[in-house]
Protein chains: 2
Amino acid sequence: MKSAAPEKPASERIAQILETEILSGVIEPGTRIRQEEVADRLGSSRLPVREALRMLAASGLVQLETNRGARIPHLDKCEVDVLYRMRERLEPLALSESMPHTTVEMFDELEEIQSEIESGVNVSGFLELDRRFHLLTYSKCPTEDLRNSVARLWNSTAHYRRAFMNEGGPHRQWIVNAEHRLIVDAMQRFDGKDGERYLVGHIRRTRKELAAHPELFIEDSQK
Amino acid sequence: MKSAAPEKPASERIAQILETEILSGVIEPGTRIRQEEVADRLGSSRLPVREALRMLAASGLVQLETNRGARIPHLDKCEVDVLYRMRERLEPLALSESMPHTTVEMFDELEEIQSEIESGVNVSGFLELDRRFHLLTYSKCPTEDLRNSVARLWNSTAHYRRAFMNEGGPHRQWIVNAEHRLIVDAMQRFDGKDGERYLVGHIRRTRKELAAHPELFIEDSQK
DNA sequence: TAGTGCGATAATGGATCCAAAATGGCGAGA
DNA sequence: TCTCGCCATTTTGGATCCATTATCGCACTA
């Protein structure tokens, strides 16, 4: 019997810290991540940092170029649009796959998250809770690849949601709340069709809002 | 001016070799991959092997467990079914995104591949050419994430296609040929709707064929 | 004889050191 | 003064060595 710590692997710990920093916007797109800087900032060798960067690359959070290090990718308007179209196709599938395995504890946690959102939060708080809400609705999907794919799409587009919300999006937050309620309701009724419909509408609306704000992206003429 | 070799990075070389071995079936699902074995088989240290395994994990070819190494995942019937449903949703998007950027050289290469398939090949040859055909039709899709996602789905399911073809699937090869021709035709007419329709039908038929052969999978009662 | 617990062995995770490639600055020449 | 090219510095890729953890066999006990 070992009551001691479960001895977390160290490269995962670094990956988790970097993920938080990237998703929270502390590290912005275009920034180059230097292995040595991260290494002695988090008190380890460069080797676990390299492994962590590989994990983050698999999660869609950084981009690796040979001999040129890792940097957070700049996406143009078209790429974000396609990533949202991928979400429109994959997340309904994840939802319907997750739906048969829902538990009452999951609905309690969803309710808790949603209440916290509606109690009024700032932009960072909303983005974090919104992410937790949706990924939780997919969490019972038995196919790990599908869950990972969905999470990767959320990661890749996180910065642009943040930029949009910071510019003037938060006034539409009440729409999001209504849509969240509709999704939970459909899940509780085990109504896959309704769930898919509300979810697709939810994602599509955000996609179109982003497309209507080209100032959030860098110039598309990089060809 | 450097006429010398472009100096390929070494971990990529290892990843490529392992990918070939896995896709060709030399290494079967469930097999544990030992870092040291690969290292001195390919003449390098264990470190590039570790990085290569990370890449393969991102490509969906291996599964990494902390302190327990890398092994090729065993998928059950339900997981493969969901992976095929993901393909049905993502690949039509990849095709329509690729369609506006097609070139005459691409159609020449497609024709070359298809001719080789129709000239009669064995199972391994067919699987390799079929893979090249479809991934080539998506190759002009500008969104790298979408191309990678599609490739990952192909990788994860490759072994089960092989098992199916080896058991008695090849007699339906003429259907595949007809479907390939229909897809190329739709692409040349720039008919996105037709392309999506033929492609979805193509994938769905294979999914149902696999579902009708439960003997290809290990027992699903692993819960 | 079967089951459990301990110990030897082998494999993975991590640290340090070295080599190769890219980045940036400086100077020479037009 | 502007441009091109060379060299120093920085940064990443790779090799070797050490620590930690899992795996497997064997002995001991009930």
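Excluded from the calculations below are hydrogen atoms, water molecules and symmetry mates; all remaining heavy atoms, backbone and side chain alike, are included.
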(message) Salt bridge or not between B/Glu88 and B/Arg204? Use side-chain N to carboxylate O under 4.0 Å.
(response) yes

(request) Nearest whole angstrom, please: distance from the P of C/dT16 to the CZ of A/Arg50. (result) 14 Å

(message) Counting only side-chain heavy atoms from C-beta out, which of D/dG13, C/dA15, D/dT23 sits nearest to A/Ser44?
(response) C/dA15

(message) What's the closest nucleotide to the side chain of B/Arg34 if the choices are D/dG14, C/dG13, C/dA11?
(response) C/dA11

(request) Starting at atom CE of A/Met55, determine the distance to atom C1' of C/dG14, rounded to an integer number of angstrom. (result) 12 Å

(message) Here's a test of your reading of the structure: between A/Asn67 and A/Ser45, which maps to the more 5' nucleotide of DNA chain C?
(response) A/Ser45

(request) Using heavy atoms to find the nearest nucleotide of DNA chain D for B/Glu51 and B/Arg46 separately, return the residue whose nucleotide is more 5′. (result) B/Glu51

(message) Which nucleotide wins on minimum distance to the side chain of B/Gln35, given the candidates D/dG13, C/dT12, D/dG14?
(response) C/dT12

(message) Given D/dT23, C/dT23, C/dG13, identify the nucleotide with an atom nearest to the side chain of B/Arg32.
(response) D/dT23

(request) Figure out the CZ/P separation between A/Arg71 and D/dT11, and round it to whole Å. (result) 13 Å

(request) Return the minimal non-hydrogen interatomic distance between A/Ser156 and A/Leu75, and the atom names on each side. (result) O-CD1, 3.6 Å

(request) Could you tell me whether the side chain of A/Thr137 reaches within less than 4.5 Å of the side chain of A/Leu95, counting heavy atoms only? (result) yes

(request) In whole angstrom, give the distance that lies between atom CD of A/Gln63 and atom C1' of D/dT12. (result) 17 Å

(request) Rounded off to whole Å, could you give me the NZ-to-C1' distance for the B/Lys8 and C/dA20 pair? (result) 18 Å

(message) Nearest whole Å is fine: how far is C/dA21 P from A/Glu65 CD?
(response) 17 Å

(message) Taking A/Glu105 first and then A/Lys140, would you say they form a salt bridge - that is, a charged N and a carboxylate O separated by under 4.0 Å?
(response) no

(message) Among B/His180, B/Gln114, B/Arg161, which residue satisfies the side chain to side chain donor-acceptor pair (under 3.5 Å) criterion with B/Asp130?
(response) B/His180

(message) C/dG13, OP1 or OP2 - any side-chain N/O from A/Ser11 closer than 4.0 Å?
(response) no

(request) Report the distance from atom CG of A/Asp40 to atom C1' of C/dA15, rounded to the nearest whole Å. (result) 14 Å

(message) What is the separation between atom CD1 on B/Ile14 and atom P on D/dG13, rounded to the nearest whole Å?
(response) 14 Å

(message) Please tell me if B/Arg68 has a side-chain N or O lying less than 4.0 Å from either OP1 or OP2 of D/dT23.
(response) yes

(message) Mind checking if B/Ile33 touches a base, just sugar-phosphate, or nothing, with heavy atoms under 4.0 Å?
(response) sugar-phosphate

(message) On DNA chain C, does the nearest nucleotide to B/Gly69 precede the nearest nucleotide to B/Leu47 from the 5' side, or the other way round? Give the residue.
(response) B/Gly69

